[in-house]
Amino acid sequence: MAEIPIKGRAPKTGYERGLFGSGWKDPDRNGCDARNDMLRRDLDGIAVKPGTYGCVVTSGVLSDPFTGQRIDFVRGQGTSTEVQIDHVVALSDAWQKGAQKMTEDQRVDFANDPLNLLAVDGGSNASKGDSDAASWLPPNKSFRCSYVARQTAVKAKHGLWMTKAEHAGIKRIITTQCPNQTIPGG
């Protein structure tokens with residue numbers, strides 16, 4: 001955390017989701033898009049669509065880190081949104097904290113970086129929106145240490161900054177709840 005600059009939030013002016021690429025990409029070049037890679041990584045008991053080389057996840061079980069609940073995922077209209085892929089550091093938040101200065105390729109890499117992606121409960125992801133750790137934390141308190149550690153790792157990896165309130169909130173969680181928390185590598 002000491003390496004991450006503390007600055008004010010830049011304006012959201014000019015932000016568009018499309019500046020981070022259209023749709024999911026295949027950053028590891030394994031033939032599967034990042035969304036399906038995260039579903040395969042984060043769900044248990046997965047089934048995949050035949051003929052997709054094991055890429056398209058059709059069902060599985062998520063032990064949701066945000067709520068601590070079990071969610072049965074079934075791909076389909078009206079059900080796929082129950083499990084969403086969260087950008088741990090939201091794209092809009094990233095835009096306001098340094099991503100506006102990234103190249104297009106860097107923003108696409110950021111949006112598809114497995115370190116910044118996590119399969120989660122759709123409703124919790126919607127309630128988070130583009131909040132940072134100063135204004136939103138997972139309802140599942142036992143996941144908060146991992147969550148803020150991951151946000152810190154993503155911001156450090158991609159050269160983003162934190163606001164004073166965000167930095168203070170993360171520092172408070174780490175020092176009071178999990179002083180031995182490690183920051184994931186990326």
What closest approach, in Å, do [X] and [Y] show between heavy atoms, and which atom pair accounts for it?
{"X": "Ser131", "Y": "Ser135", "answer": "CB-OG, 3.4 Å"}
{"X": "Leu39", "Y": "Phe73", "answer": "CD1-CZ, 4.1 Å"}
{"X": "Arg150", "Y": "Leu115", "answer": "NE-O, 2.7 Å"}
{"X": "Pro138", "Y": "Arg144", "answer": "O-NE, 2.8 Å"}
{"X": "Asn112", "Y": "Pro27", "answer": "O-CG, 3.3 Å"}

State the CD-OG distance between Gln69 and Ser124, to the nearest 0.5 angstrom.
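Result: 9.5 Å between the selected atoms.
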Lys171, NZ: over 12 other non-hydrogen atoms inside 6.0 angstrom:
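It does not: Lys171 NZ has 12 such atoms or fewer within range.
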Trp24: which residues meet the ring-ring contact (aromatic ring centres under 6.0 Å, His included) condition with it, sequence neighbours left out?
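Partners of Trp24 by the ring-ring contact (aromatic ring centres under 6.0 Å, His included) criterion, ordered by chain and then number, come out as His87.
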Pairs where residues 76-92 contributes a residue and the test salt bridge (charged side-chain N to carboxylate O under 4.0 Å, His left out) is met, not counting sequence neighbours
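For residues 76-92, and leaving out neighbouring residues, the salt bridge (charged side-chain N to carboxylate O under 4.0 Å, His left out) pairs sorted by first residue read Asp86-Lys128.
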Where do Met38 and Val83 land on the side-chain contact (heavy atoms from CB on, under 4.5 Å) test, with the steps shown first?
CA-CA 11 Å; Met38 297 309 98; Val83 172; over 6 Å; no
Taking [Y] as the starting point, is it possible to reach [X] by hopping between hydrophobic residues whose side chains are less than 4.5 Å apart?
{"X": "Val56", "Y": "Leu43", "value": "no"}
{"X": "Tyr15", "Y": "Phe110", "value": "yes"}
{"X": "Phe20", "Y": "Leu117", "value": "no"}
{"X": "Leu19", "Y": "Val108", "value": "no"}

Pairs satisfying side chain to side chain donor-acceptor pair (under 3.5 Å), at least one member in residues 41-64, at least two apart
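The answer is Asp64-Thr67.
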Summary of side chain to side chain donor-acceptor pair (under 3.5 Å) pairs that have at least one residue in residues 96-109, sequence neighbours excluded
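Matches after skipping sequence neighbours: Ser92-Gln96, Asp93-Lys97, Lys97-Asp132, Lys97-Glu166, Thr103-Gln106.
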Tell me which pairs pass disulfide (SG to SG under 2.5 Å) where either residue lies in residues 50-85, with sequence neighbours left out.
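Residue pairs passing disulfide (SG to SG under 2.5 Å), neighbours aside: Cys32-Cys55.
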Remaining members of hydrophobic cluster (4.5 Å side-chain criterion), Ile4
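Under the 4.5 Å side-chain rule, Ile4 groups with Met1, Phe66, Val88, Leu118, Val120, Trp136, Leu137, Phe143, Tyr147, Val148, Met162, Ile170, Ile173, Ile174.
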Does a donor on one side chain and an acceptor on the other come within less than 3.5 Å for His158 and Asn116?
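Short answer, no.
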Go through Arg29 and Asp26 one step at a time and tell me if the salt bridge (charged side-chain N to carboxylate O under 4.0 Å, His left out) criterion holds.
CA-CA 5 Å; Arg29 296 183 175 90; Asp26 180 12; over 6 Å; no
